[in-house]
Amino acid sequence: MAEVDHLAAERATARFDVEEMKVAWAGSRHAVHVADRMARLVASDPVFRKDNRTMLSRKELFKDTLRKAAHAWKRIVELRLTEEEADLLRQYVDQPGYVDLHWGMFVPAIKGQGTEEQQHKWLPLAYKFQIIGCYAQTELGHGSNVQGLETTATFDPKTDEFVIHSPTLTSSKWWPGGLGKASTHAVVYARLITEGKDYGIHGFIVQLRSLEDHSPLPGVTLGDIGGKFGSGAYNSMDNGVLRFDHVRIPRDQMLMRLSQVTREGKYVHSNVPKQLLYGTMVYVRQSIVADASKALSRAVCIAVRYSAVRKQFGSQDGGPETQVLNYKTQQSRLFPLLASAYAFRFVGDWLNWLYTDVTQKLEAKDFSTLQEAHACTAGLKAVTTSVTADAIEECRKLCGGHGYLNSSGLPELFAVYVPACTYEGDNVVLLLQVARILMKTVSQLASGKQPVGTMAYMGKVQYLMQCKSAVSSAEDWLNPDAIQEAFEARALRMAVNCAQNISQAASQEEGFYERSPDLLEAAVAHIQLIIVTKFIEKVHQEIPGHGVKEQLQALCNVYALYILHKHLGDFLATGCITPRQGALANEQLGKLYAQVRPNAVALVDAFNYTDHYLGSVLGRYDGDVYPALYEEAWKDPLNETVVPEGYHEYLRPLIKQQQLKLSRL
Ligand SMILES: CCCCCCCC/C=C\CCCCCCCCCC(=O)SCCNC(=O)CCNC(=O)[C@H](O)C(C)(C)COP(=O)(O)OP(=O)(O)OC[C@H]1O[C@@H](n2cnc3c(N)ncnc32)[C@H](O)[C@@H]1OP(=O)(O)O
Ligand SMILES: Cc1cc2nc3c(=O)[nH]c(=O)nc-3n(C[C@H](O)[C@H](O)[C@H](O)COP(=O)(O)OP(=O)(O)OC[C@H]3O[C@@H](n4cnc5c(N)ncnc54)[C@H](O)[C@@H]3O)c2cc1C
């Protein structure tokens, strides 16, 4: 009971309106309402139970995923849920499965790369689940290097068909989610060959399995690629392997919005940038950024609540021990992660806006913002997923020994989340893309070309290369202009340093290759500037609710000053701030942690997660952790019998043998 009282007391110390913070977090009152309804719908349905997930075998887990997906679809149809509601319902079911790829990549690929006619033919089938699709791009031999894919699609003018073929072992499709067991169709990326010429990678809709009995079609070999990291976790997904042996598809199953092959076999490229082929990846990368804040906020919610419940040391004269949340070290590890969850949420919203804006411009044949969309989605995907993966592990450690139990929810969350650093573009590969664009922008500065969008600050090169921070007290670091200037100067100076070093190499390519570790850091600095800028912009907006703006202001400062403290070497080496100013930033950070402390539990309550979605005995809303931990242990299959299976075979003979030996002595 004491623990329950603890969280009630924690909630009472909050200095802001939690209901209004929920609105700020979700984006609108409507969003809070819909999320609330969908979360409760899932939590109250026994089919969506997930507390036994880590104890299921792979086969049981996969069947459970099929069952949940079918039940979710049934509920979506029965309740006539809107697209927004259906997306949220699937999110709260919280079990990776083929539907993620069907809705998240197969449908968007057809929408983005198919002609109107193709969309008209295929989308209704996909929308009604008459076909199930996946996104088959990566191969055994190549993932990052899309141009290196080997699968071929050779046009045969005699039959008006493409022949899809896997010429080598390394050309086997490898990894696509939903491919292994569930999908009937795939968007397959292959080298288009017509009139004897290789035109590079294009997308094709290919049927893989019979719609009658689900068996592979002739010439198609497929299966699952095997168990993955962690128990439960991503093993609910059937990541697959696929090989083609001269499989024929009609010509009109090439996705022809960007380029076409005529009846005669002539290749025609529309007047659009060829990078639009990568559009589905750009879309998914922006949704992965939004997802990072969800995964991070879940981990932080568990760690904050548990840290308020958990007590160690400090008891005097039999009085209560100290809540571990009161230790300054716990705060300095946990509160930056709390601030990052909010930062990623807001930058994710902004990125979604940017993506929508770019998409509208593309429809109007305006391609000017394509590079900005690529740099922002790639860079933010890389930084937010890397931070989130590390943060989930940090939250596990923040929960001490109990964090290592599956029932804490953290091991599974980590195992599900960590591949986000790799899928949809390895984070290093993506940051190098950002670096390439940074170098291009720096090189254009001399010609007077004004950078735009998130690179616009580089236009202030004369000022930013020589400015000195005016901060002279810890409080000065609360000024957003001081923060903004320091971050801009650091990012620009790092980029310019890289450009200067590259220019001394024999060639641009060689210089880029040699300096790539520095370029990664420059790209990270640029992306951190974007995150800080968007958080500052958010806090400048009108935000209703008692104390809400003040809390967000504090979290924004925590985020920025934490990054400054963590990357102090960059700020000092580039001469943006002095060691004394760095120390003042750290002093201010300590004060901010003290400000966050009484609000910490309420700040994670504002995420509005149900206990079902959190899936953690440590993160329970009521804080009644110990009885739940105790009860959970008894549910383990090992505890089904008092004497374990194998006792008579292995333990008893061993003990008896030793006893016999001893008795002979
Ligand atoms: C599905 C929904 C998911 C939602 C997320 C929720 C998560 C919930 C958790 C669990 C639920 C389970 C859901 C799991 C989903 C997993 C999905 C994973 C799916 C995949 O992984 S699909 C495969 C993804 N593969 C990749 O990302 C490959 C990465 N490689 C590339 O993108 C490219 O090869 C490259 C960019 C690295 C290089 O390309 P290349 O053509 O060789 O180009 P360059 O010479 O470097 O550049 C040329 C030129 O093009 C510009 N450019 C490159 N890319 C783009 C782009 N995307 N858009 C616009 N422009 C681009 C580049 O800047 C150059 O420009 P320049 O010529 O210099 O001007
Ligand atoms: C869980 C999961 C789900 C997936 N789902 C899908 C899916 O649905 N569909 C699909 O098509 N694919 C999918 N993939 C594949 C995924 O997109 C690729 O694994 C990813 O793009 C990374 O490519 P890779 O495996 O070739 O890594 P590699 O490129 O081989 O990376 C290996 C190492 O090399 C480094 N490296 C590579 N290139 C460079 C470079 N130029 N400079 C410096 N370092 C470099 C990387 O940083 C990394 O450290 C999935 C992968 C996973 C793990």
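Nothing fancy with the numbering, it's 1 onward along the sequence. What's counted below: heavy atoms across the whole structure, side chains too, no hydrogens, waters or symmetry copies.
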Original post:
Do any N or O atoms from the side chain of E85 and from the backbone of M38 form a donor-acceptor pair under 3.5 angstrom?
Top reply: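 Not at all, since once roles are kept as given, no pair shorter than 3.5 Å links the two residues.
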Original post:
With no hydrogens and no angle check, is any side-chain donor or acceptor of E412 less than 3.5 Å from a backbone partner on A233?
Top reply: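 Answer holds: yes.
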**OP:** Please name the residue in the list H612, K294, R298 that meets the side-chain hydrogen bond (donor to acceptor under 3.5 Å, both in side chains) test with D94.
**Re:**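 Option passing the side-chain hydrogen bond (donor to acceptor under 3.5 Å, both in side chains) with D94: R298.
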Original post:
What pairs with R493 under side-chain contact (heavy atoms from CB on, under 4.5 Å), at least two apart in sequence or on another chain?
Top reply: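 side-chain contact (heavy atoms from CB on, under 4.5 Å) list for R493, sorted by chain: M465, C467, A489, T574, C576.
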Subject >> side-chain contact (heavy atoms from CB on, under 4.5 Å) against R40, all qualifying residues, sequence neighbours excluded >> reply: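 For R40, the residues satisfying side-chain contact (heavy atoms from CB on, under 4.5 Å) (neighbours in sequence not counted) are D36.
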Side-chain touch [X]/[Y], heavy atoms, less than 4.5 angstrom:
X: R305; Y: L614; answer: yes
X: L380; Y: W350; answer: yes
X: Q371; Y: Q275; answer: no
X: R90; Y: V93; answer: no
X: W477; Y: S469; answer: yes
X: L296; Y: F344; answer: yes
X: E393; Y: K397; answer: yes
X: E485; Y: Y457; answer: no

Write down the atom of [X], the atom of [Y], and the distance for their closest heavy-atom approach.
X: A126; Y: F106; answer: CB-CE2, 4.2 Å
X: I502; Y: M439; answer: CD1-SD, 3.9 Å
X: V18; Y: A602; answer: CG2-CB, 3.7 Å
X: A585; Y: L561; answer: O-CD1, 4.0 Å
X: F16; Y: N599; answer: CD2-OD1, 3.5 Å
X: L438; Y: A523; answer: CD1-CA, 3.9 Å

**OP:** Report the C-alpha distance between N557 and Q588 in whole Å, list the side-chain angles of each, state the deciding distance to 0.1 Å, and finish with yes or no for side chain to side chain donor-acceptor pair (under 3.5 Å).
**Re:** CA-CA 9 Å; N557 290 330; Q588 187 54 49; over 6 Å; no
**OP:** Just do the salt bridge (charged side-chain N to carboxylate O under 4.0 Å, His left out) check on E550 and R15 with the steps written out, would you?
**Re:** CA-CA 9 Å; E550 289 72 15; R15 294 173 194 152; over 6 Å; no
Original post:
Tell me the ring pair (Phe, Tyr, Trp, His ring centres under 6.0 Å) pairs involving residues 535-556, sequence neighbours left out?
Top reply: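 Those involving residues 535-556 are F346-F535.
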**OP:** Go through Y283 and T359 one step at a time and tell me if the side chain to side chain donor-acceptor pair (under 3.5 Å) criterion holds.
**Re:** CA-CA 10 Å; Y283 163 72; T359 310; over 6 Å; no
**OP:** Apply ring-ring contact (aromatic ring centres under 6.0 Å, His included) to F487 and F571, showing your working.
**Re:** CA-CA 8 Å; F487 273 77; F571 286 88; 5.2 Å; yes
**OP:** Test T385 against N427 for side chain to side chain donor-acceptor pair (under 3.5 Å), laying out the working first.
**Re:** CA-CA 8 Å; T385 56; N427 284 351; 2.9 Å; yes
**OP:** Look at E424 together with K381 and state whether they make a salt bridge at an N to O cut-off of under 4.0 Å.
**Re:**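 K381 and E424: not salt-bridged.
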Original post:
Are the charged groups of E116 and R257 less than 4.0 angstrom apart, N to O?
Top reply: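 Judged by the 4.0 Å cut-off on N to carboxylate O distance, E116 and R257 do not form a salt bridge.
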**OP:** Identify which one of L564, I563, I577, L529 satisfies the side-chain contact (heavy atoms from CB on, under 4.5 Å) criterion when paired with R490.
**Re:**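 When L564, I563, I577, L529 are each tested with R490, the side-chain contact (heavy atoms from CB on, under 4.5 Å) holds only for I563.
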Original post:
Parallel under 30°, tilted from 30 to 60°, perpendicular over 60°: which one fits the rings of Y342 and W25?
Top reply: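 Rings of Y342 and W25: perpendicular, as their planes differ by over 60°.
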**OP:** Would you please test E20 and R29 for salt bridge (charged side-chain N to carboxylate O under 4.0 Å, His left out) and show each step?
**Re:** CA-CA 9 Å; E20 288 296 332; R29 232 165 275 285; 3.2 Å; yes
Original post:
Between Y135 and Q137, is a side chain to side chain donor-acceptor pair (under 3.5 Å) present by the stated rule, with each step listed?
Top reply: CA-CA 6 Å; Y135 185 88; Q137 183 175 292; 2.7 Å; yes
**OP:** Could you tell me if the ring centre of Y92 sits under 6.0 Å from that of Y613?
**Re:**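 Centroid distance Y92-Y613: below 6.0 Å, so yes.
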**OP:** Could you grab the distance from atom NZ of K460 to atom CD of Q450, nearest 0.5 Å is fine?
**Re:**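 It comes to 11.5 Å.
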**OP:** Verify whether one side chain among E521 and H567 offers a donor that lies under 3.5 Å from an acceptor in the other.
**Re:**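 Side chains of E521 and H567: no pair found under 3.5 Å.
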Subject >> Working for side-chain contact (heavy atoms from CB on, under 4.5 Å), residues H526 and T454 >> reply: CA-CA 9 Å; H526 171 73; T454 50; 4.2 Å; yes
